[in-house]
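All values reported here derive from a predicted model rather than from experimental measurement. Each ligand, and each atom within it, is numbered from 1 in the order the structure gives.
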Amino acid sequence: MIIKQLQLGADKVFCYVLACEKTREAVVIDPCGDEQKILNLILELHLKILFIINTHCHPDHTCGNKVIKEVTQAQIIRHEADELFLQDQAAKEYFNRQGFTPSPSADTLIHDGDQLFFGNCSLRIIHTPGHSPGSICIYAEGNLFTGDSLFVGAAGRVDLPGGDFTTLIESLANKIAPLPDDTIIWPGHDYGDSITSTIGREKNENPYLGGEW
Ligand SMILES: [Zn+2]
Ligand SMILES: [Zn+2]
């Protein structure tokens with residue numbers, strides 16, 4: 001599996017492109033601005049994008065959905081709980097005020113344990129509510145794309161609408177900590193001392209995953 005990490009947009013969010021080396025079928029995780037850079041990579045690597053997957057509904061992670069969908073015809077995929085959450089008028093207005101390009105509605109809603117296939121590769125959805133009700137982590141071949149649920153040395157904020165601290169800690173303890181220690185973590189923001197980590201390292205050093213505060 002090819003993994004490309006791109007740091008994009010005003011908020012310097014990480015977008016990921018995962019591709020099957022053989023068939024060139026691919027997915028984009030969190031197209032977060034600078035869409036032309038994503039499209040250039042797609043052209044350069046001769047990729048066919050099947051899915052646009054959002055780790056959660058916050059506009060800094062979804063603002064590139066519209067353009068990438070228009071160009072690639074890929075399906076937009078996100079967890080049902082975030083799609084429902086965005087129907088709440090107060091939440092919608094809060095996030096619209098941030099001024100990002102709004103995302104079209106999801107084409108397919110996903111749930112914990114769902115699998116998606118592209119070429120000879122597959123990924124599995126892990127529902128990790130807390131940063132938002134429908135936050136997910138995406139597991140693919142020993143790699144975990146954590147969105148804003150888990151950062152290197154930290155975790156996502158819980159003070160935005162839909163956030164809840166206890167729920168986040170439970171998600172990380174029950175769904176993420178049990179993964180193998182050598183699982184590579186690919187976060188949604190560059191808030192740590194490196195741009196990637198492992199479950200083992202975070203269990204030792206990250207208080208949100210059982211390390212000392
Ligand atoms: Zn977020
Ligand atoms: Zn974010």
Side-chain angles (χ1 to χ4, degrees), residues 4-18 27-35 37-38 52-68 76-88 90-106 109-110 112 125-139 143-172 175-176 185-197 202 206 208-209:
K4 295 287 178 187
Q5 183 187 52
L6 304 167
Q7 196 171 30
L8 304 175
D11 285 11
K12 294 189 179 303
V13 175
F14 284 129
C15 164
Y16 295 93
V17 177
L18 316 184
V27 307
V28 178
I29 299 174
D30 288 354
C32 46
D34 296 331
E35 292 89 336
K37 288 187 186 167
I38 304 172
I52 297 162
I53 310 169
N54 295 133
T55 58
H56 61 300
C57 66
H58 291 164
D60 55 329
H61 293 254
T62 65
C63 59
N65 283 7
K66 186 168 178 286
V67 169
I68 300 300
I76 295 175
I77 293 191
R78 60 166 68 135
H79 194 277
E80 183 175 24
D82 264 15
E83 190 74 7
L84 292 174
F85 172 63
L86 278 190
Q87 290 168 13
D88 177 84
K92 200 182 208 167
E93 280 169 19
Y94 176 90
F95 291 114
N96 281 347
R97 278 199 298 274
Q98 298 183 356
F100 291 93
T101 306
S103 170
S105 304
L109 299 175
I110 42 166
D112 191 57
I125 303 303
I126 304 175
H127 184 206
T128 52
H131 176 66
S132 74
S135 280
I136 56 168
C137 293
I138 300 161
Y139 183 86
N143 298 278
L144 188 71
F145 301 88
T146 55
D148 287 359
S149 292
L150 186 70
F151 301 132
V152 176
R157 54 194 289 191
V158 290
D159 58 328
L160 300 173
D164 185 75
F165 181 76
T166 308
T167 308
L168 176 64
I169 293 296
E170 282 174 6
S171 290
L172 295 176
K175 300 275 194 64
I176 301 305
I185 289 173
W186 301 93
H189 291 268
D190 179 15
Y191 292 155
D193 59 5
S194 60
I195 52 172
T196 180
S197 184
E202 294 309 301
N206 189 334
Y208 292 89
L209 207 65

Engineer: When the side chains of residues 150-157 are checked against the rest of the protein, which donor-acceptor pairs come out under 3.5 Å, sequence neighbours left out?
Structural biologist:
unit_1, atom_1, unit_2, atom_2, d
R157, NE, D159, OD1, 2.8
R157, NH2, D159, OD2, 3.0

Engineer: Check the angle between the aromatic planes of F145 and W186 and answer parallel, tilted or perpendicular using the 30° and 60° thresholds.
Structural biologist: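 Correct class here is parallel.
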Engineer: For N65 and N54, test the side chains for any donor-to-acceptor distance below 3.5 angstrom and give the result as yes or no.
Structural biologist: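 Their side chains do contain a donor-acceptor pair, which is all the 3.5 Å distance test asks for.
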Engineer: Under 4.5 Å between any side-chain heavy atoms of H189 and D60, yes or no?
Structural biologist: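 H189 reaches D60 side chain to side chain.
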Engineer: Which protein atoms of type N, O or S are found under 2.8 Å from the Zn ion (ligand 1)?
Structural biologist: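 The answer, once waters are left aside, is H56 NE2, H58 ND1, H131 NE2, D148 OD2.
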Engineer: Does a side chain donor of either T62 or S103 reach within less than 3.5 Å of an acceptor in the other side chain?
Structural biologist: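 No, S103 and T62 have no side-chain donor paired with an acceptor closer than 3.5 Å.
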Engineer: Minimum heavy-atom separation for S197 and E202, please, with both atom names.
Structural biologist: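 Minimum heavy-atom contact is OG-OE2, 2.6 Å.
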